[in-house]
Number of protein chains: 2
Amino acid sequence: MSIGETITLSDNATEDRSIAIREALRNAIIDRRLTPGTKLSENEVGSLFDVSRTVARAALQMLTFEGLVKTERNRGAFVSNPTPDEARQIFASRRLIEPGIVAAAVDRITAKDIESFRRQLEEEEHYMTARGPSARRAEIKASGDFHLMLASVAGNAILQRFMDELIARSSLVIALYGRTGVSSCGHSEHFAILDLIERGDAKRAADLMLHHIDHIEADLDLQPKHGLGLKDALSL
Amino acid sequence: MSIGETITLSDNATEDRSIAIREALRNAIIDRRLTPGTKLSENEVGSLFDVSRTVARAALQMLTFEGLVKTERNRGAFVSNPTPDEARQIFASRRLIEPGIVAAAVDRITAKDIESFRRQLEEEEHYMTARGPSARRAEIKASGDFHLMLASVAGNAILQRFMDELIARSSLVIALYGRTGVSSCGHSEHFAILDLIERGDAKRAADLMLHHIDHIEADLDLQPKHGLGLKDALSL
DNA sequence: AACCCAAAGATTGCATACGATTTGCCCAGA
DNA sequence: TCTGGGCAAATCGTATGCAATCTTTGGGTT
């Protein structure tokens, strides 16, 4: 993806370049290539993608809206460092929304969709066998992708956008607070949820989704990450 | 609010001016002073608020994120003209989220909050007696404010932001598709919901909220709005 | 008369320039 | 040596200018 110094954006130059940059940064953040707290200077981002500060700024503004980036006036933009409380709010939001998405998906999913889901899940299993940080990133990403695909077949663009944001922030949270080898059970739950959806059992599918989210959250170690904010350093 | 030609933003000049402009435009849109389809030219907005295009552009970009404004590349920004389908998605989203907000509010609401809610609701009743377009705007706004206040006591910043967006877009939808004298029953339902919350009856409060949303949506006439393009004016 | 094409006007997309604010550093003084 | 003030570098916030694109209008052709 990187060529020398500048990063070439996939050829959607017809689209707004700021959107392409947002996507690139988004992926980097949820892949944990950009860790929380990293400063995203407008100049740096701009020169990295070979655009002016104007468009870099627009991308950062979008990410700020999504909660992936926090900007401080006259100081700059930083990769978001979600607090345990934010993490809980994220998962609380998902518990509200995702069962409804599952229910909608049951009504609208096609055999073709299910086929595609299965292929995707099986492909992801390959990553699960491997270990290491790169595998872990792929695992986190794959876990999110399932939920995003579900949201896309639910047929509600607004909820889909909310889920985009929630999944991105969840990935950040999992990367920050996740214990090491956890999501394996989550992956099998994806299969189970898909089965229930295929059978049209909306109630059980929604319930299992709730449990699934609970499991994901339960596998987090939501202790305040000390050393990041000075307020914690003082209160300790 | 308007002084001569430029609009003076409340003295939060310390804050980002683009945010203040966003708020002003937002209010104008949900108050229906800016009707769907209205073009929001960067130059026009900028000179109205006495800022450069840069700042105006940032405000429009934020509104685009919220779905209140639609931008077309190289053409400009326009006040959003939600389709019936979008309207249905908005209310479907609200049906998912708001019962959860009510449940959270039951746990966290204080006596002080309830007091403040009651005052607010009673104050709104004054508007309800009046008729006319201005009263209608106040009615729509008041109806949304109740839901927003509820979201704010629920203690989940993410859901609160989602609700901000959903209420704003709902207001737009109600202004577009709402029948004339409808929300009166909705207002009494606000009282009833508040009572149930006060009693700590989360289940019933959430149920009533669901019905309330159903009522709001049922009072819409979700026919494709044909009259906004001039083509329809000619066909009549 | 209807249609097509071209040129002018307007508006956005983007880059750059300049002022404002913050941060970090260096040096003077205790 | 340590503290405090001030200066300089870096970065952001904003304005403005230029190029690209879209819309419109006018003229020419069929």
Side-chain angles (χ1 to χ4, degrees), chain A residues 5-25 34 37-65 68-80 228-231 233, chain B residues 5-25 34 37-65 68-81 228-231 233-234:
Chain A
E5 272 192 335
T6 68
I7 296 173
T8 61
L9 301 169
S10 49
D11 62 347
N12 42 8
T14 62
E15 284 269 327
D16 276 50
R17 286 183 285 177
S18 60
I19 291 181
I21 294 176
R22 169 175 77 113
E23 293 297 320
L25 289 179
L34 287 171
T38 305
K39 170 152 196 189
L40 302 173
S41 144
E42 294 177 358
N43 254 321
E44 202 174 346
V45 172
S47 59
L48 254 173
F49 293 93
D50 197 32
V51 296
S52 82
R53 274 181 53 215
T54 306
V55 43
R57 186 185 175 83
L60 291 174
Q61 190 187 345
M62 291 190 268
L63 289 168
T64 300
F65 253 77
L68 287 181
V69 159
K70 288 226 183 312
T71 62
E72 299 173 31
R73 184 179 176 91
N74 279 319
R75 289 227 335 121
F78 304 84
V79 177
S80 215
L228 293 167
L230 80 161
K231 49 188 180 295
Chain B
E5 271 191 337
T6 68
I7 296 174
T8 60
L9 300 168
S10 48
D11 62 347
N12 41 9
T14 62
E15 286 268 328
D16 279 270
R17 285 184 285 176
S18 60
I19 291 181
I21 293 176
R22 169 177 77 114
E23 294 295 323
L25 288 179
L34 288 171
T38 305
K39 170 152 193 186
L40 301 174
S41 143
E42 294 177 359
N43 253 319
E44 203 173 346
V45 172
S47 58
L48 255 174
F49 292 93
D50 197 30
V51 296
S52 82
R53 276 181 50 216
T54 308
V55 178
R57 189 183 175 83
L60 291 174
Q61 191 185 348
M62 290 190 269
L63 289 168
T64 300
F65 265 123
L68 288 181
V69 158
K70 289 225 181 315
T71 61
E72 300 173 32
R73 184 180 175 90
N74 279 321
R75 290 226 336 121
F78 304 85
V79 176
S80 213
N81 202 344
L228 292 166
L230 79 162
K231 50 189 181 294
L234 298 180

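Residue numbers start from 1 in every chain, and the chains themselves are labelled A, B, ... in the order their sequence lines are given, proteins ahead of strands.
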[atom1] of [X] versus [atom2] of [N]: gap in Å, rounded?
{"X": "Phe49(A)", "N": "dC14(C)", "atom1": "CZ", "atom2": "P", "value": "15 Å"}
{"X": "Glu42(B)", "N": "dT16(D)", "atom1": "CD", "atom2": "P", "value": "15 Å"}
{"X": "Asn43(A)", "N": "dA17(C)", "atom1": "CG", "atom2": "C1'", "value": "13 Å"}
{"X": "Asp16(B)", "N": "dA15(D)", "atom1": "CG", "atom2": "P", "value": "12 Å"}

Measure across Ala59(A) and Arg22(A) and return the closest heavy-atom pair with its distance rounded to 0.1 Å. CB-N, 3.9 Å

Taking only side-chain nitrogens and oxygens of [X], does any of them come within less than 4.0 Å of OP1 or OP2 of [N]?
{"X": "Arg57(A)", "N": "dC12(D)", "value": "no"}
{"X": "Ser52(A)", "N": "dA15(C)", "value": "yes"}
{"X": "Arg75(A)", "N": "dT23(C)", "value": "yes"}

For the helix from dA1(C)-dT30(D) to dA30(C)-dT1(D), measure the angle between the helix axis at one end and the axis at the other, each built from five pairs, rounding to 10°.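 Helix axis angle between the two ends: 10°.
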
Kindly indicate whether the side chain of Thr71(B) and the base of dT12(C) share any N or O donor-acceptor pair separated by less than 3.5 Å? no

Could you check which of dA15(C), dC12(D), dA15(D) has an atom nearest any side-chain atom of Val55(A)?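 The listed nucleotide nearest to Val55(A)'s side chain is dA15(C).
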
Listed nucleotide nearest any side-chain atom of Lys39(B), set dT16(C), dC12(D), dT12(C): dT12(C)

Measure the spacing between CG of Leu48(A) and CD1 of Ile21(A) and express it to the nearest 0.5 Å.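 The CD1 atom of Ile21(A) is 9.5 Å from CG of Leu48(A), to the nearest 0.5 Å.
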
Rounded to the nearest 0.5 Å, what's the gap from CD on Glu23(B) to OG on Ser18(B)? Could you check? 10.5 Å

For a quick check of understanding: with a heavy-atom distance under 4.0 Å over all strands, which category does Thr54(A) fall into, base, sugar-phosphate or nothing?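 Thr54(A): base contact, heavy atoms under 4.0 Å.
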
Filtered N/O pairs between nucleotides 17-21 of chain D and protein, under 3.5 Å:
residue	atom	partner	partner atom	Å
dT21(D)	O3'	Asn74(B)	ND2	3.4

